[in-house]
There are 2 protein chains.
Amino acid sequence: MTLQTAPARPVGSRAADAVVKAIETRIAAGDLPDGAPLPPERDLIETFGVSRTVVREAVATLASRGLVESRPRFRPVVRRPGYDAALAAASGVVGFLLAQSDGVKSLYDIRIFLEAALVRHAAKHARKEDIEALKQALDANEAAIPDSQRFYRTDVAFHAVLYDIPKNPVFPSIHKAFTSWLEPHWVKMERSPERNRVNFLRHSDIYRAIRDRDPDGAEAALNAHLNAAWEYVRGTFDDI
Amino acid sequence: MTLQTAPARPVGSRAADAVVKAIETRIAAGDLPDGAPLPPERDLIETFGVSRTVVREAVATLASRGLVESRPRFRPVVRRPGYDAALAAASGVVGFLLAQSDGVKSLYDIRIFLEAALVRHAAKHARKEDIEALKQALDANEAAIPDSQRFYRTDVAFHAVLYDIPKNPVFPSIHKAFTSWLEPHWVKMERSPERNRVNFLRHSDIYRAIRDRDPDGAEAALNAHLNAAWEYVRGTFDDI
DNA sequence: GCCCTATTTTGGTATGACAAAACAAGCAAT
DNA sequence: ATTGCTTGTTTTGTCATACCAAAATAGGGC
């Protein structure tokens, strides 16, 4: 005699999928608010009438989609995902791709391409507050020239302002993704106050072109800046 | 007396992670070539000395990262991932985000932004072959005006050429991702030969501007095209 | 009220079992 | 000989149970 409940489920689909969908719906409905812990696995078993195997698989799927965050031995926490989560989900494969030949270069070129468009946009549409924010980031960058670690942070922050200007929530997430993906390849680069000063001057060029409403100049300055940076770090990749 | 093997593993990490990493390495090394089925779960149990629970969790993780493709009841198949896999991994969350207010608009704006930069780039750097390809896509588009279904396909193909021109493998994947994400929201739009003709004329404007090496004109034509399309479909979203 | 300890939850893993689908091999019929 | 069917074997999907260790919680002493 079989003790298992009859499947009564279309073949070619997993039982876990139904659970995933149900939980997704609950999150979307706000039933499980952001930050709340997921019900214990043993409760979900009863709720959905499935085995713990299925529940665990479902939770794993949700985690891979960024809808919940699960650390070992902790209750999974609901995370109403933003655009960063979407890009974070891709980061597994991206890491794989970066390890392959020209992977870093391809992605870096995309970044240059996008950022060139961003500075052009900024030169045309930035508002006074935006230019103000850019100026502040630039000043912080200058102040950090002697301290390479702090310089890197202010460098990233300066570029981040460019992604904020269009006021589209996707852009800041893209920036976060780029920095997190490319950062490991950047930290290997030796840094020095002299290099920092050069980079600061490039930032300064970009800032002035934007302030002066010069799209072509801004684009040229940004391309010069990022391409020079690439030439500078290229040496660390000759093993690829 | 415990029958379980001693963990001997730092707390705060999952046993599955080690298996995932090992299989990833084997895929990267070409040990498991593209298209090959993964070894049966029972073999992996022996290979790694873990339980089937762990193996299954590891395989699920690999599947979510796009490194293997698993259909129910079939052996998972190794897929050496490309940039599409990276974006496909994000699609779960993106679907979630598109359902939220302004999600479609945000993403569509990103597409406009990127594509505007692409046509500008094309106007400046497209080679003769690129412009030739664009012309062919345009002709196919024109021929399909009476058949709305075919028109949609040629429409997508026309835009795809723009993503091919920079010769960066990431761009075509981005295009695929955009179309697959936004397509469901597009098919609801009613189509007619008259609308198709309007869209074809816009494509024609873009093509001519690129051919004539006019970045500003190309950007303007593209913005006009995509913004008009948005206005046209906006009505279908007022429920959001 | 605060801190330390004992108990209860809860997630991580192991193991064994069974149904259903896929796969492989062998046999029959045209 | 090739095609099609039947049957036995793999393999996955799921269920059930059990155990451990870490986390959360309750309880008691100060």
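Chain letters run A, B, ... following the sequence lines, proteins first, then strands; residues in each count from 1. It should be emphasised that the depicted structure is a prediction, and the values quoted were computed from it without experimental measurement.
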query = Is the centre of the A:Tyr83 ring less than 6.0 Å from the centre of the A:Phe171 ring?
reply =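 Distance test on ring centres: not under 6.0 Å, no.
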query = When you look at NZ of B:Lys167, are more than 12 heavy atoms from neighbouring residues, nucleotides or ligands closer to it than 6.0 Å?
reply =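 Atom NZ in B:Lys167 is crowded, with more than 12 foreign heavy atoms closer than 6.0 Å.
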task = Might you confirm whether atom CD of B:Glu129 has over 12 heavy atoms from other residues, nucleotides or ligands at distances under 6.0 Å?
result =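 Yes - once you tally the heavy atoms of other residues, nucleotides and ligands closer than 6.0 Å, there are more than 12.
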key: Qualifying side chain to side chain donor-acceptor pair (under 3.5 Å) pairs with a residue from residues 25-35 of chain B, counting only residues at least two apart or across chains   =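 The answer is B:Asp34-B:Arg79.
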To the nearest Å, how far apart are [X] [atom1] and [N] [atom2]?
{"X": "A:Ile45", "N": "C:dG12", "atom1": "CD1", "atom2": "P", "answer": "13 Å"}
{"X": "A:Phe48", "N": "D:dT14", "atom1": "CZ", "atom2": "P", "answer": "15 Å"}
{"X": "A:Glu57", "N": "C:dT13", "atom1": "CD", "atom2": "P", "answer": "15 Å"}
{"X": "B:Glu46", "N": "C:dT15", "atom1": "CD", "atom2": "P", "answer": "12 Å"}

query = Would one find a side-chain N or O of B:Ser51 under 4.0 angstrom from OP1 or OP2 of C:dT13?
reply =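 No, outside the criterion.
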task = Tell me, please, whether B:Tyr108 has B:Arg111 positioned over its six-membered ring: NZ or CZ under 6.0 Å from the ring centre and within 45 degrees of its axis?
result =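 No, cation not above the ring by the 6.0 Å, 45° rule.
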Shorter than 3.5 Å, N or O on both sides, protein versus nucleotides 9-11 of chain C: list them out with atom names.
unit_1	atom_1	unit_2	atom_2	d
C:dG11	OP2	A:Glu41	N	3.0
C:dG11	O3'	A:Arg73	N	3.3
C:dG11	N7	A:Arg42	NH1	2.7
C:dG11	N7	A:Arg52	NH2	3.3
C:dG11	O6	A:Arg42	NH2	3.2
C:dG11	N2	A:Arg73	NH1	2.7
C:dG11	N3	A:Arg73	NH1	3.1

ask   = Got a sec, which residues hit side-chain hydrogen bond (donor to acceptor under 3.5 Å, both in side chains) with A:Ser91, two or more places apart in sequence or on another chain?
value =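 Listed in chain order: nothing, the list is empty.
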